[in-house]
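Below, chains carry the letters A, B, ... as their sequence lines are ordered, and counting in each starts from 1.
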Amino acid sequence: MTGDVACAEGALAAGCRFFGGYPITPATEIAEHMSGRLPDVGGTFIQMEDEIAAMASVLGAAWSGCKSMTATSGPGFSLMMENIGLGVCTETPCVVVNVQRGGPSTGLPTMGAQADMMQARWGSHGDYEIIALAPCSAQEIFYQTITAFNLSERYRTPVFIMTDEMIGHMSEKVVIPPADQITTEWRPKPKGRKDRFLLFKPDENGVAPMPAAGEGYNVHVTGLTHDEKGYPVMSVEAQEEMMARIKRKILGNRDDIIMTEGHGLDDADIVLVSYGISARTSMAAMQQARAQGLKVGLLRLITVWPFAEDHIQRLAERVKGFVTVEVNLGQIHLEVLRAAAGRAPCHLVGHSGGTIISPDQVLAKIKEVF
Amino acid sequence: MSATAQASVMAAPEHPLEDLIRSDRIPHIWCPGCGIGTAFAACLTAMKASGIDLQKTCMVSGIGCSGRAAGYVKLDSFHTTHGRAIPFATGLKLGNPELNVVVFSGDGDLFAIGGNHFIHAARRNMDLTVICLNNLNYGMTGGQVAATTPHLARTTTTPVGNPESPFNLPLLAWASGATYVARWTVLHTRELTDCIKKAITKSGFSFIEVLGPCPVNYGRRNREKPLETLRLYRDQTIIRNNADPSDLEVDFTKKVVLGEFVDKERATCIENYDRTCRPAL
Amino acid sequence: MYKQITITGFGGQGVILAGRIMGEAAAILDHLESTLVQSYGPESRGGACSAQVTIADGPIYFPYIQSPDILVCLSQSGYDKHVATLKKDGVLIVEQDLVKPEGGRDYFAVPCTRFAEELGNKMMANIIMVGFFTAITGAISLEAARATVKKSVPKATIEKNVKAFERGWEYAQATLKGRREKAAGRIGVVA
Amino acid sequence: MPTEFKIVLFLCSWGPHAAFQRLQDQRADIPPEIKMVRIPCSGRISKALLFKPFEMGADGVILVGCAPGACRYGTGTETAAENTEDTRQILDLIGLDGERVQLGNFQPDAADDLLAFLKAFAARIRELGKSPVRAQAGRDRFAGEPETVEAIVARHDVFACQDCGKCTSACSLALAGKPFSPRYVAAEIIAGHADRPDVRTSVNACLTCGVCYERCPSAVNFPEFIKDMRAYYHDRAVSAVPAHGGFFQSMMRAMTSESLVPRRWTHLPESIRTNPQSRVLFFGGCASYFDIFFHKFLGVQTERIVEDSLRLLNFFDVEPALMSDERCCGHDLLWSGDRENFLRLARINADAIAATGAEEIITACPECCHTLCTEYARYGIELPVKVTHMHAFLEREIGKGAVAFKAPQGRMAFQDACRQSRFDGQADLPRKLLKHLCADAPEALDDDGAPTPCCGNSAWIGCDAFSKHFQVQRLQRVRQSGSTTLITACPKCQIHLRCAMEDVLRGGDLKLETMDLVSAIARSIYWA
């Protein structure tokens with residue numbers, strides 16, 4: 001199946017029961033697949049009038065007690081940013097898939113890129129932390145979609161799957177394990193007296209329990225800066241406290257959230273840093289380089305946000321350099337540069353999108369920097 | 001504070017809507033002379049009177065003065081982004097069809113930035129009750145022109161008069177497929193309350209426009225004293241149920257028609273979805 | 001085993017579906033690994049498009065194909081664009097009536113569009129090509145290919161499509177038999 | 001002295017009879033099993049007459065004529081030698097020893113030599129033993145077969161005839177000017193005149209080509225009606241004598257003896273590959289008998305069809321099984337009214353075919369195909385195999401592709417086989433093959449797609465000047481259209497049309513190359 005279909009199947013396996021979407025190449029297949037499958041499992045699919053509405057409906061459904069998601073590509077991702085901000089502010093669990101294509105604006109609808117990575121990080125206004133995953137195969141999309149839902153529920157936050165046209169449209173074998181072998185998590189539920197319940201009072205892991213509408217908690221949910229009760233409070237202190245909580249629950253759980261995969265890092269002189277489809281290019285390039293006797297390793301970022309800066313820092317102490325491979329003009333590359341902090345030179349193999357990077361290009365860069 | 005004083009507070013008669021209001025958030029932000037409070041009270045009264053399960057009832061608002069209503073109701077309430085109350089409510093209702101979802105918001109929020117969502121929700125016949133407090137301008141941001149501002153009316157962004165023409169909201173709702181449409185002013189609280197009650201208990205997309213004064217921003221710039229606005233509501237309106245929707249322009253130089261204009265049955269979005277997409281269930 | 005296959009044609013010929021059937025047959029029923037990537041223009045009918053299928057018995061990292069082992073061309077423009085990329089000892093398969101190969105390179109040809117029309121629906125040319133491809137290249141097994149065809153087409157058309165698949169497969173068998181016979185010097189009945 | 005052996009001696013009443021009389025006068029010990037039939041000339045004993053005694057239970061036949069050069073009629077001795085030789089060859093094929101027929105030539109004064117000859121022959125026959133052919137006794141009727149004319153008429157609903165005359169206006173015989181009308185025959189039989197000689201003659205004259213049935217608005221199946229009527233006459237022993245002296249019917253009746261073991265495939269070229277275990281059985285038919293019988297005619301080579309079929313099967317990787325004792329399918333017996341012997345043959349065939357274990361029978365003969373497939377089933381004889389005409393096999397294999405055809409030389413016309421085109425509704429099948437054949441030169445095919453009329457005869461009965469007349473017309477038309485080759489689909493069409501070309505007066509006007517479609521394909525197909 002294609003990466004897009006694997007994503008939809010992963011969502012269903014994770015327990016997603018609401019999809020609010022708007023068609024856009026190359027993410028449409030996810031919506032199409034969900035539209036056929038959701039009614040059978042008691043869920044609901046709706047194609048909204050635009051991506052803004054789609055994202056709003058996803059948040060609404062999340063507060064109704066559903067696991068909900070949407071899928072889009074760059075232009076739609078831009079439109080969703082408004083309500084993604086609302087989702088972050090109201091700490092609403094949901095999953096947003098961005099099957100990236102060439103941008104800016106309408107860009108290259110049928111051709112892939114990885115150039116929305118920074119938009120994922122900073123796309124909505126204000127300071128915040130976000131979780132973004134970048135799977136590199138159809139099988140991994142399946143599993144990472146489940147993981148995305150689990151992280152989203154665990155930390156009450158929107159989670160992004162930053163895939164791309166190449167993987168979205170690539171068909172590969174996907175093994176779907178039986179339901180009892182799939183772990184699905186649910187948002188922590190409040191306990192205790194309903195009239196004393198505080199919607200944003202975190203428990204021990206920094207995340208506040210979350211009821212659903214209609215359960216009698218009479219919650220108030222607002223995109224205004226709010227206190228633990230959820231009431232708007234227009235004050236410096238309230239802002240500080242709210243922001244600290246939103247950042248803490250993510251950054252305080254970095255070890256749980258950040259997933260990477262290392263190949264040949266133990267003896268590597270040069271480390272390729274890559275994610276998504278480019279990680280496959282990098283893997284092929286690494287094998288070719290190794291065959292030529294070049295000690296090259298690969299750090300594949302499965303979680304892109306929060307950024308695995310500790311890993312980079314540790315590697316920077318002992319490697320001769322980093323080569324970041326991504327289909328953009330240097331987004332994660334700048335993060336690597338920041339984390340390496342001058343301890344190791346950082347290079348980029350990237351271009352502005354439309355096609356995948358070939359292993360030859362990476363190999364050439366490896367030879368150039370060796 | 002003395003015990004006596006406390007006792008006197010305790011003894012004070014309870015507000016009839018006490019149980020539905022987050023009294024810990026009072027005072028509210030609405031200005032003196034504003035019509036929102038009246039409309040909000042009518043809405044809460046209607047909710048109570050309708051006998052629906054209030055625990056299963058939510059209010060969703062967008063941004064603006066009216067959008068603050070969700071913050072004052074002691075129900076599950078959602079104060080969303082500007083213009084997006086209806087799609088948020090759509091997700092809420094689809095995610096859990098047992099919920100009664102009332103959208104309470106202003107004309108700027110629902111019909112300018114959120115206009116597209118309004119017509120699509122009406123087209124789908126989403127089972128929502130949408131109450132629009134129409135005060136003819138953007139009140140919260142200081143009185144800018146809105147999609148409902150009358151032709152030639154003055155606002156901060158139309159200092160010499162509005163060159164554009166306003167929406168006829170009931171006509172728009174009717175044309176988009178709403179199954180219940182009514183219009184009242186805040187002066188007509190009894191009729192308004194009855195209609196909201198009817199709208200809440202009726203399935204399908206219900207829309208109620210409530211004309212309410214904004215003396216601070218709109219009234220002041222258009223030489224309309226608060227009381228004069230209410231007088232207009234009394235003198236320049238005419239109640240005509242089932243009126244032709246195209247006759248429903250808001251133009252106080254002529255008579256403004258009030259009443260219940262549409263009350264029809266049509267399968268809701270969820271009924272149609274279940275029937276079409278999961279006939280076996 | 002590591003086989004890279006490029007299928008080219010114009011939109012509407014079912015190039016992508018053909019590629020998907022090949023990949024799926026290999027991955028699901030032949031228990032191999034496979035990837036399929038595709039490129040197409042904005043039009044779903046008439047524009048040039050191609051599918052790139054990699055079939056391997058180990059992991060496939062880079063799913064894109066620069067020089068295929070097998071090139072299947074359903075259109076002249078697809079042929080013109082891709083023929084230079086085909087490996088020297090690669091296998092070239094073309095739509096007999098739509099592609100005129102030049103340059104003396106050996107190739108296999110099947111008039112799959114004509115066959116499809118004879119079977120009642122031009123849309124099945126791609127399935128005939130899958131059948132032909134299966135027999136000529138052996139990249140996927142007959143059983144896997146046939147079962148995948150059944151799974152990949154609308155229920156009402158399964159029977160027709162299996163027939164189309166077998167048409168292509170038989171034609172390939174005949175082609176291969178003809179080549180064997182010719183190699184053995186048996187050209188005709190009398191000669 | 002009674003004896004178990006029976007030998008028929010055909011004795012020329014000129015020279016040899018004088019010698020024989022002397023032996024009788026001398027009371028010479030002529031072997032008692034020899035029964036003498038005095039004849040005017042050995043040249044008058046046709047192959048049919050030479051064979052007939054065997055059908056009737058004889059163990060040997062002697063033809064004795066004058067010595068070469070001494071014939072009173074000039075060519076008698078020569079003709080007798082030819083007929084004897086042909087008959088011997090056919091006897092060999094059919095599984096009766098050729099030696100059971102012997103020609104002798106004696107002068108009147110060679111009585112002793114004649115006696116020695118007769119004794120040697122009788123001894124030889126004793127050595128060979130009794131003929132495996134058993135003379136038939138009693139009748140073996142098809143159960144439930146209608147016996148009365150009324151029943152036959154009812155069975156085919158001949159009453160439905162509207163007397164419209166469309167049949168007659170299309171009938172080849174009527175068009176050739178013969179006073180023959182299907183509708184008239186039907187009307188007369190309905191009227192109870194079945195036993196009138198002219199009606200009987202008409203029933204026997206019918207070509208059973210099926211054009212009338214094709215035209216009939218009431219769908220009266222006239223050929224089937226004729227078939228039953230012929231059986232009716234046969235039951236009453238008033239059948240007409242078939243063409244060629246009834247040789248073929250005789251041979252077929254001989255084949256109904258189970259103890260007879262034909263040796264059908266002894267002359268197969270070595271290059272042809274067969275496999276006794278094959279799931280495909282090839283059914284050859286009577287072509288090789290025809291070739292011997294008609295060998296004097298313009299190079300009739302119908303066995304070539306069989307050989308080319310086998311070569312084509314080999315070409316497509318099929319190595320078929322052959323039944324070494326293959327018998328006639330029985331078509332001609334059935335269509336000349338001898339239903340009981342048809343059934344005997346059919347039963348023996350069905351058992352023999354079942355015993356091969358094959359799943360499919362392929363035959364290149366349209367009559368064999370129709371008979372095995374349709375007629376056997378009609379008379380309750382189930383064949384446990386699928387019957388495929390060679391054309392269908394070829395269309396299937398050629399359809400798979402990868403073969404091409406050398407462009408034909410000249411222009412070709414096609415002669416349909418009635419059993420294929422009209423009876424089995426397969427007129428398009430040979431035409432598909434012709435299209436393949438002329439793929440590179442479509443202008444070489446002269447065919448409007450409609451089945452052509454009958455070749456002029458069927459089941460070896462009813463050949464006359466009228467059938468000759470329309471054969472000539474047909475050949476002339478083909479020639480006029482510019483064709484140089486006539487492609488046939490049935491060995492009999494080839495024989496009949498070649499016969500018409502033999503016309504000494506028209507000679508060159510009618511000459512066309514004739515070739516079976518199978519052979520035409522075999523000649524030009526190649527792996528592309």
Side-chain angles (χ1 to χ4, degrees), chain A residues 17-20 35-36 38-68 70 82-87 89-90 92 94 194-195 199 211-224 226 229-232, chain B residues 20 22 24-25 29 53-61 63 67-68 70-101 113-114 116-121 123-124 126 269-270 273-274 276-281:
Chain A
R17 292 298 177 264
F18 180 86
F19 187 102
S35 72
L38 269 173
D40 299 339
V41 297
T44 303
F45 168 90
I46 188 165
Q47 180 175 314
M48 295 298 281
E49 48 275 12
D50 55 32
E51 283 93 344
I52 299 169
M55 190 62 219
S57 72
V58 165
L59 298 180
W63 279 100
S64 80
C66 281
K67 289 187 183 179
S68 63
T70 187
E82 173 196 51
N83 285 317
I84 285 170
L86 179 63
C89 187
T90 56
T92 306
C94 59
K194 288 184 178 176
D195 57 343
L199 185 55
E215 290 181 345
Y217 288 89
N218 289 344
V219 296
H220 182 58
V221 179
T222 177
L224 290 166
H226 45 262
K229 201 170 179 182
Y231 286 0
Chain B
L20 272 181
R22 295 184 195 275
D24 50 353
R25 293 214 59 217
I29 63 155
D53 181 356
L54 292 176
Q55 190 174 315
K56 295 276 180 207
T57 303
C58 308
M59 186 180 280
V60 184
S61 295
I63 296 297
R68 289 301 182 97
Y72 301 122
V73 65
K74 206 198 266 178
L75 295 171
D76 287 321
S77 55
F78 301 91
H79 179 218
T80 66
T81 41
H82 194 21
R84 318 306 173 202
I86 287 177
F88 187 100
T90 297
L92 202 56
K93 179 74 185 178
L94 288 174
N96 182 1
E98 284 183 15
L99 297 173
N100 306 301
V101 183
I113 186 168
N116 196 32
H117 307 312
F118 178 88
I119 60 173
H120 282 282
R123 170 181 63 79
R124 294 185 182 106
M126 268 314 300
C269 178
I270 291 173
Y273 185 80
D274 288 346
T276 311
C277 303
R278 41 184 160 224
L281 297 177

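- Distance check: W63(A) CH2 to C58(B) SG gives 11.0 Å after rounding to the nearest 0.5 Å.
- At a 4.5 Å heavy-atom cutoff, A89(B) makes no contact with chain A through either its backbone or its side chain.
- Note: R22(B) CZ to K229(A) NZ = 7.5 Å, rounded to the nearest 0.5 Å.
- To the nearest 0.5 Å, atoms CG (N218(A)) and OG (S77(B)) are separated by 8.0 Å.
- No side-chain heavy atom of F78(B) sits less than 4.5 Å from a side-chain heavy atom of L59(A).
- Highest contact tally toward chain B, considering only G223(A), G43(A), A213(A), G20(A), is held by A213(A) [criterion: heavy-atom pairs under 4.5 Å].
- In this structure, chain B has no heavy atom under 4.5 Å from any part of P211(A).
- Heavy-atom pairs under 4.5 Å with chain A were tallied for G114(B), S61(B), G71(B); the largest tally goes to G71(B).
- Side-chain contact between H220(A) and M59(B) is absent, with no heavy atoms from C-beta onward closer than 4.5 Å.
- L94(B) CG to I46(A) CD1: the interatomic distance, rounded to the nearest 0.5 Å, is 5.0 Å.
- When side chains are defined from C-beta on, L224(A) counts as touching R68(B), because their heavy atoms get closer than 4.5 Å.
- Every side-chain contact (heavy atoms from CB on, under 4.5 Å) that N96(B) has, sequence neighbours left out, goes to S64(A), E98(B), L99(B).
- Taking CD of E82(A) as the reference point, atom NE2 of H82(B) lies at 9.0 Å (rounded to 0.5 Å).
- Between E215(A) and D76(B), the closest side-chain pair of non-hydrogen atoms is not below 4.5 Å.
- The shortest distance between side-chain heavy atoms of I119(B) and E49(A) does not fall below 4.5 Å.
- Contacts between A212(A) and chain B at a heavy-atom distance below 4.5 Å involve the backbone alone (N, CA, C, O).
- In terms of heavy-atom pairs under 4.5 angstrom with chain A, the leader among K56(B), H120(B), R123(B) is H120(B).
- For V219(A), the parts sitting under 4.5 Å from any heavy atom of chain B are the backbone and the side chain alike.
- Evaluated for a side-chain contact (heavy atoms from CB on, under 4.5 Å) with H79(B), the options L86(A), V221(A), T222(A) yield exactly one hit, T222(A).
- Rounding to the nearest 0.5 Å gives a distance of 5.0 Å between NZ of K194(A) and CD of Q55(B).
- At a threshold of 4.5 Å between non-hydrogen side-chain atoms, the residues R278(B) and T44(A) count as touching.
- Among the candidates K93(B), R84(B), K74(B), the residue making the largest number of heavy-atom pairs closer than 4.5 Å to chain A is R84(B).
- Of the listed residues T57(B), L75(B), T90(B), the one with more heavy-atom pairs under 4.5 angstrom with chain A than any other is L75(B).
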